Trainee: 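I have a structure here, written as structure tokens, and I will follow up with some questions on it.
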Amino acid sequence: MDSTDTESIGTDAASRQVDPVTFEILSHRLHEITREMGATLERVGGTVNTTQLHDYMASLYMANGDVLSVGESMIRHAACAGFAVKRIIERFEGDGGIHPGDVFLLNDPYLAAIHQSDIYMIAPIHHEDRLMAWSATFVHVMDIGAMSPGGNSPGATEICHEGLRIPGLKLVERGRLRQDVFDTLVNMTRQPVLVGLDLKCELAANNVARSRMEEMFAQYGPELITSVSAEMIRYSGDVLRKRLREIPDGTWRDQGTIAANETRRVCVELRKRGDRLTFDFTGSDEQARQGINLPYHATFGGCFESVLTALGYDLPKNYGAFGPIEVIAPEGTVVNVQYPGPVSMNTTSGLKTVSYVSASVLAQMLAGSEIWKDEVTALTLGFRVVRHAGVNQYGRFYVSTLLELSGSGASPHGDGIDSGGYLTCHNVEWLELNFPLMYLYRRHLKDGAGAGRFAGGVGVEATVKLHDAPEEKIRGVAFGVAGLRNSGVGMFGGYPGAPSLLVLLEGTRVNELLADHQCIDGLPALEGERRLLPYCEFEIGKDDVLYLRLGSGGGYGDPLDRDPEAVAESLLNERISRSAAEDIYGVVVEEGTLKVDETATRELRAGLRERRLANPQEKEGNP
């Protein structure tokens, strides 16, 4: 992944000077094509993953597979799709050829995908029979034929348990769909109609990309578009390298733990020398026999995303940013899985952990720079998900996703975003209309956010029960970052946020309470036996309640430095309790008026600071 000369970006045309106005217009037009691809995925796709969770990717690539332009997508997948394009070129360039109108499909995690549920669809873009570029999409399909509905399989001990694994095939040949291939793929899943819809929305998005790019080549000529593309890549690489040179050299370390049946540590050392970054994962634990393992390209994608988020948030996201990054991940470890290691749950375990620790060492690096220290933000790790499957109220078998939102970390400039974490979440009314479930409540978690001068964002808590389920039960799969330390971590005196949890309450009084027209406002009234859900399969029965709590963001700075009026506003909005306002923030608010008592607040804060000095080892934290 070295510097981006003319050969490495996949063009044999001499790069010509592009005037700034033309560059801005055409580079933004290329980006808009990727945005239109994403909109097409949402409009044509009919599953919750595309229409509500936005679990997809749409990007453009150079003729040799180098990333050119990334749409409103997960950056990690755009990097992995670059590997996928190169694999398709290697596989088909001398085996039947790559022709106008072809579309290829790949989901092999050992080659380019992250896990089998992420199906990459890759299409060449030609001008006058000359290969000029590629488009690529991915959608997390609703089922992949694995041992667990939905594809995330806690019981899998090898990749053969985790569904279809496709190293590359031609789905569309010269513009004609290979119906036999399409039917074979969808009929090996539990949801052939929905998986077929997922594949068709990807075909539609790639068709849009081809059409729009062909229009640009015809209007402006391939030489100008190639020159603009080369300049986009050069610009991103040059600016990122310049920013790195502004930061002092050094070495930083961190580690994270994946709390699964086989707990694994992810260790990273970041070395910054000049304009180069090396993420070295040597020391990480060996790969597990549970699907938390990450392929190398996914580990690279996680680091690539962290670098662009920290240092390149305003840059065109393309191959230029690859150049300064090196990732070392020893084979056979949890960050570079080898056959037959399972991977099905890795996006919300191994990948989340890699993203977290890589962002953490980057934050340490930025904190030592006078120029960049104000870009450091508190991080969030908490993320749990539930797949649910069974017979719905219409008598049809289904598989879908249950997801809530975590809170993002605070920054030097302000509070984190409430329910502003990873992905988005589904619409409650839509979920209740389509599946045999009913929400009892869904709200922000009081006292969940990490306290600080600027507070972390609050995560969501919710409770769900069965409703109108013909079989009076459904299956569930619990995955995501498990463990009680999976919250946002505070920075510079900020406190951690509350962790993410999945809890099954079995044999509750929920139906009795509802029959008595009682409002259910919390867990104590439900009674029942509580079971904390790790990575596992479980069953939800007619008297059971599922509790979901997503991690909250960490705080930034000392809570005693927070504006008392901001504390009073949080109290008014029920983000915090009165005890948290006084015990953590040292703010006294008058009963009834919620007006800050300035004298009492000054005295309380002075007393809390004195207690800290008298007990320097005392650890304070969120309630």
Side-chain angles (χ1 to χ4, degrees), residues 53 55 152 154 256-261 263-264 266 290-292 302 345-357 359-360 377-388 401-410 416-426 439 441-451 455-464 476-490 494-505 522-523 530-538 545-555 575 621-623:
L53 302 185
D55 195 357
N152 305 97
T257 300
I258 308 171
N261 293 354
T263 297
R264 290 292 186 270
V266 175
Q290 191 170 30
I292 60 175
M345 300 184 296
N346 62 10
T347 56
T348 57
S349 55
L351 184 53
K352 273 299 265 185
T353 306
V354 163
S355 298
Y356 176 81
V357 297
S360 174
T377 61
L379 304 174
T380 301
L381 180 62
F383 184 70
R384 302 299 318 271
V385 195
V386 173
R387 290 267 184 264
H388 55 108
T401 306
L402 192 59
L403 174 67
E404 297 298 339
L405 287 171
S406 56
S408 64
I417 301 173
D418 295 342
S419 53
Y422 188 64
L423 292 176
T424 59
C425 64
H426 50 71
Y439 270 82
Y441 58 81
R442 183 193 213 183
R443 63 197 179 196
H444 285 134
L445 176 67
K446 182 182 286 189
D447 290 335
V458 184
V460 171
E461 66 169 351
T463 53
V464 182
V477 180
F479 58 106
V481 185
L484 297 180
R485 297 179 63 85
N486 64 349
S487 67
V489 176
Y495 289 9
S500 183
L501 299 174
L502 289 176
V503 179
L504 182 65
L505 287 78
L523 300 185
R530 300 187 185 186
R531 177 156 65 103
L532 192 65
L533 299 176
Y535 295 87
C536 67
E537 295 198 41
F538 62 98
V545 171
L546 180 65
Y547 174 76
L548 304 92
R549 187 176 88 187
L550 274 291
S552 294
R575 294 178 80 255
N622 282 342

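Worth saying up front: this structure is predicted, and the values here are computed from it rather than measured.
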Trainee: For the side chain of Y535 and the backbone of G480, is there at least one donor-acceptor N/O pair under 3.5 Å apart?
Mentor: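 The answer is yes, because a donor-acceptor pair under 3.5 Å joins these two groups.
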Trainee: Could you give the distance from OG1 (T463) to CG (L546), rounded to the nearest 0.5 Å?
Mentor: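 It is 9.0 Å, given to the nearest 0.5 Å.
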Trainee: Give the intermediate values and the outcome of side-chain contact (heavy atoms from CB on, under 4.5 Å) for residues V464 and L548.
Mentor: CA-CA 8 Å; V464 182; L548 304 92; 4.1 Å; yes
Trainee: Under a 3.5 Å distance rule, please check whether R549 uses its side chain to pair with a backbone N or O of P499 as donor and acceptor.
Mentor: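 Yes; at least one donor-acceptor contact below 3.5 Å.
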Trainee: Tell me, with the steps shown, if R530 and Y547 meet side-chain contact (heavy atoms from CB on, under 4.5 Å).
Mentor: CA-CA 10 Å; R530 300 187 185 186; Y547 174 76; over 6 Å; no
Trainee: If every non-hydrogen atom of V266 is compared with every non-hydrogen atom of I258, which pair is closest and at what distance?
Mentor: CG2-CD1, 4.0 Å
Trainee: Spell out, as yes or no, whether a donor-acceptor pair under 3.5 Å connects the side chain of S487 to the backbone of G497.
Mentor: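 Checking the backbone N and O of G497 against the side chain of S487, a donor-acceptor pair under 3.5 Å is found.
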Trainee: For P154 and A478, which heavy atoms make the closest approach, and how far apart are they?
Mentor: CG-O, 4.4 Å
Trainee: Let's go through L381 and V489 carefully: what are the C-alpha distance in whole Å and the side-chain angles of both, what is the deciding distance for side-chain contact (heavy atoms from CB on, under 4.5 Å) to 0.1 Å, and is it a yes or a no?
Mentor: CA-CA 8 Å; L381 180 62; V489 176; over 6 Å; no
Trainee: Run through L502, V477, L501 and flag the one making a side chain to side chain contact (heavy atoms under 4.5 Å, CB included) with L533.
Mentor: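 Single side chain to side chain contact (heavy atoms under 4.5 Å, CB included) partner of L533 among L502, V477, L501: L502.
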Trainee: Any chance you could measure R531, atom CZ, to L504, atom CG, to the nearest 0.5 Å?
Mentor: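 It is 5.5 Å, given to the nearest 0.5 Å.
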Trainee: If you look at every heavy atom in G551 and S406, which pair is closest and at what distance?
Mentor: O-CB, 3.0 Å
Trainee: Starting from the C-alpha separation in whole Å, work towards a yes-or-no answer on side-chain contact (heavy atoms from CB on, under 4.5 Å) for V386 and T401.
Mentor: CA-CA 6 Å; V386 173; T401 306; over 6 Å; no
Trainee: Quick one: list whatever passes salt bridge (charged side-chain N to carboxylate O under 4.0 Å, His left out) with R575, sequence neighbours left out.
Mentor: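 By the salt bridge (charged side-chain N to carboxylate O under 4.0 Å, His left out) rule, R575 matches D418.
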Trainee: For the side chain of S419 and the backbone of L405, is there at least one donor-acceptor N/O pair under 3.5 Å apart?
Mentor: no
Trainee: Would you please name every residue forming a side chain to side chain donor-acceptor pair (under 3.5 Å) with N152, sequence neighbours left out?
Mentor: R387
Trainee: Nearest 0.5 angstrom please: K352 NZ to I292 CD1, how far?
Mentor: 16.0 Å
Trainee: Excluding sequence neighbours, so at least two apart, what forms salt bridge (charged side-chain N to carboxylate O under 4.0 Å, His left out) with R264?
Mentor: E262
Trainee: Can you confirm whether more than 12 heavy atoms, excluding those of R443, are under 6.0 Å from its CZ atom?
Mentor: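 Result for CZ/R443: enclosed.
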Trainee: Are any side-chain N or O atoms of E461 and backbone N or O atoms of L445, one a donor and one an acceptor, separated by less than 3.5 Å?
Mentor: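 Checking the backbone N and O of L445 against the side chain of E461, no donor-acceptor pair under 3.5 Å is found.
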Trainee: I need the minimum non-hydrogen distance between A410 and A455, along with the two atoms involved.
Mentor: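 Shortest heavy-atom separation between A410 and A455 comes out as CB-O, 3.4 Å.
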Trainee: For the side chain of N346 and the backbone of L351, is there at least one donor-acceptor N/O pair under 3.5 Å apart?
Mentor: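 Checked: no pair found.
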Trainee: Give a yes or no answer on whether the side chain of S408 reaches the backbone of G457 with a donor-acceptor pair at less than 3.5 Å.
Mentor: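 Such a contact is absent between S408 side chain and G457 backbone.
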Trainee: Specify the closest pair of heavy atoms between H426 and L402, including all atoms of both residues, with the distance to one decimal.
Mentor: NE2-CD1, 3.3 Å
Trainee: Could you tell me whether a side-chain N or O of T353 sits under 3.5 Å from a main-chain N or O of S349, the two making a donor and an acceptor?
Mentor: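 Side chain of T353 to backbone of S349: a pair is present.
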Trainee: Between atom OG1 of T380 and atom CD1 of I417, what is the distance when rounded to the nearest 0.5 Å?
Mentor: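 Taking OG1 in T380 and CD1 in I417, the distance rounds to 10.0 Å.
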Trainee: Would you name the heavy atoms of G302 and S355 that are closest together and state the gap between them?
Mentor: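 Residues G302 and S355, closest heavy atoms: CA-OG, 4.0 Å.
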Trainee: Spell out, as yes or no, whether a donor-acceptor pair under 3.5 Å connects the side chain of R384 to the backbone of F479.
Mentor: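 Yes.
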